[in-house]
Number of protein chains: 2
Amino acid sequence: METAGTAVGAPARPGLRERRKQRTRDALVRAALELIATRGYERTTVDDIVAAVDVSQRTFFRYFAGKEEVAFFVTRLAESRVLEAVRARPPHETPLEALRRAVLDSWDGINEAVERLVPLDLHMRVYRVIESTPALLAAHLRRATELEEELARVVAEREGLDVDADPRPRILVAAFGGVVRVAERRWSAGEDHSTEAMRDLMTTCLDQVGPALAGNWRTGPSPNRANET
Amino acid sequence: METAGTAVGAPARPGLRERRKQRTRDALVRAALELIATRGYERTTVDDIVAAVDVSQRTFFRYFAGKEEVAFFVTRLAESRVLEAVRARPPHETPLEALRRAVLDSWDGINEAVERLVPLDLHMRVYRVIESTPALLAAHLRRATELEEELARVVAEREGLDVDADPRPRILVAAFGGVVRVAERRWSAGEDHSTEAMRDLMTTCLDQVGPALAGNWRTGPSPNRANET
DNA sequence: GAAGCTAATGTCAGCGACTGACAGTTGACA
DNA sequence: TGTCAACTGTCAGTCGCTGACATTAGCTTC
């Protein structure tokens, strides 16, 4: 469906109607995240959001299935990136290696992608609200397990296995996901919200999986336990 | 005010008022679970529940913080049992060992404890509704992470560590929790809902953690390797 | 450029979860 | 027995969310 007068070289610009839709959706997202970041999730009503954009409440619910969904609009970016990154890993890598490298790689350029939607700082503030609001945290965890389910499928396909027959894909992904969530929490709770800090935290946490699972912690000192005592 | 009435022991029998409270709460739980198991969660209104017990809606919300809470009333039993079991493990065990043994042990006698509240079969049906209802699944996962947080604290204390300084307790618990959830899902999705089936599934899944995390899956055969290492 | 189609939006009414305020009832206890 | 506190019910109202129907406004076609 080529519309009139769009050169092949330039990105096919959608019609006015489509652009308007995009604009109101972005406006809703921005207004919602700004309100949520400042007033909190529960103290932000849908009426507040639609009043800021001057559309009807009904319109909001046509764009988003619920109040929760708008809060995760930016987060979804990162999720899809991770999934893509895992698919792109070369097949000779170990499943765990593939997951680890994919997650670390997917952080490169994520900031720019986010910034195209909302200010990065805003997204950070919203993320902390998500982690501290019971209803949003619950939704976040559910979304995470859905992502894990897809990851398990990808891993199983990589290895030529049946997800439902062999439990290892789901187990690997579940364990991996748990560790990632620990890293995310430490990151958002800490001071340094840079991408590098995230990478460091993630690698440290993933490196600790072996030591954490195996053996007696008290026998030998762990790789880096500078902060003990 | 406090529901801390000692349900055991003969001497301190609670007064009539306390007994009435207990009775209405149990009635609400039973009615709610029965309705949820048969009609599903979303298709069960609070009005339906209170109509079955013949109390006002306001009373329901004085007993339960929300509609969700009543659905997890029985599940909470298992959670507290697991926590107790971990605390009871001898300190010479490896953290992973302690968790594993605690979870497996806590299933002994769980059926009897559940049956004191509602028929076991009813609880099973509700559990499957929880896993298949987005809103309930989200709440379930959030509760699970709260339990993991407490478990991490217990593990850290066992090993004489600071939960916030050393990441290993949370990492271990997160990975462990992920695997447990895989086992739970397989169990509730399968046919055999017996305690033994759960034990078998749990042990197999936990035995697969090592193989899943380490090495190349394609070199070694056997999706089911006897517990080595 | 006017007419027709259709997607996007607004309005209205209503359901269900949940809460605060107030009043009535009923165990507990002196 | 009477007083007090706890338990419950009623009522009104907020908020998230949805279906039905009317209205507006791009886009297409002639």
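Note on naming: letters A, B, ... go to the chains in the order of the sequence lines (proteins, then strands), and numbering restarts at 1 for each one. For the numbers below, each heavy atom of this structure counts, side chains included, while hydrogens, waters and symmetry mates do not.
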- Query: Out of C/dA17, C/dT26, D/dG9, which nucleotide sits closest to the side chain of B/Arg17?
  - Reply: C/dT26
- Task: Measure the distance from CZ on B/Phe60 to P on C/dT19 and round it to the nearest whole Å.
- Result: 11 Å
- Between B/Phe64 and B/Gly15, which is nearer to the 5' end of DNA chain C once each is assigned its nearest nucleotide? B/Phe64
- Candidate nucleotides C/dC18, D/dC17, D/dG9, ranked by approach to the side chain of B/Val55 - the nearest: D/dG9
- Full working for side chain to side chain contact (heavy atoms under 4.5 Å, CB included) between B/Met202 and B/Trp107: CA-CA 11 Å; B/Met202 195 70 83; B/Trp107 282 100; 4.0 Å; yes
- Query: Can you tell me how far P of C/dA17 sits from CD of B/Glu68, to the nearest Å?
  - Reply: 11 Å
- Hey, is the side chain of A/Thr24 poking within less than 4.0 Å of OP1 or OP2 on C/dT9, counting only N and O atoms? yes
- Task: Please state how far atom CD1 in B/Ile49 lies from atom C1' in C/dA17, giving the value in whole angstrom units.
- Result: 11 Å
- Looking at the side chain of B/Lys21, which of D/dC7, D/dT8, D/dC15 is the nearest nucleotide? D/dC7
- Task: Tell whether A/Arg19 reaches the base of D/dG26 with its side chain through a donor-acceptor pair below 3.5 angstrom.
- Result: no
- Query: Can you check the A/Gln22 CD to C/dA7 P distance for me, whole Å?
  - Reply: 19 Å
- Task: Identify whether the distance between the nearest side-chain nitrogen and carboxylate oxygen of B/Asp108 and B/Arg199 falls below 4.0 Å.
- Result: yes
- Item | Separation of C/dG10 P from A/Asp47 CG (nearest whole Å) | 13 Å
- Between C/dT11, C/dA21, C/dC18, which nucleotide has the shortest distance from any of its atoms to the side chain of A/Arg58? C/dT11
- Base, sugar-phosphate, or nothing: which does A/Tyr63 touch, judged by heavy atoms less than 4.0 Å apart? sugar-phosphate
- Between C/dC18 (P) and B/Asp48 (CG): distance, integer Å: 14 Å
- Item | Test item: side-chain donor near acceptor, A/Asp192 and A/Ser194, under 3.5 Å | yes
- Message: Tell me the interatomic distance from A/Tyr41, atom OH, to D/dC15, atom P, rounded to whole angstroms.
- Response: 14 Å
- Task: Flag the pair B/Arg30 / B/Phe73 as yes when at least one side-chain heavy-atom distance between them is below 4.5 Å, and no otherwise.
- Result: no
- Return the value, rounded to whole Å, for the distance between atom CZ of B/Phe61 and atom C1' of D/dC7. 18 Å
- Mind checking A/Ser56 for me? I need base, sugar-phosphate or nothing, with any heavy atom below 4.0 Å counting as a touch. base
- Measure the shortest side-chain to side-chain distance between A/Ile130 and A/Phe72 over non-hydrogen atoms and say whether it is less than 4.5 angstrom. yes
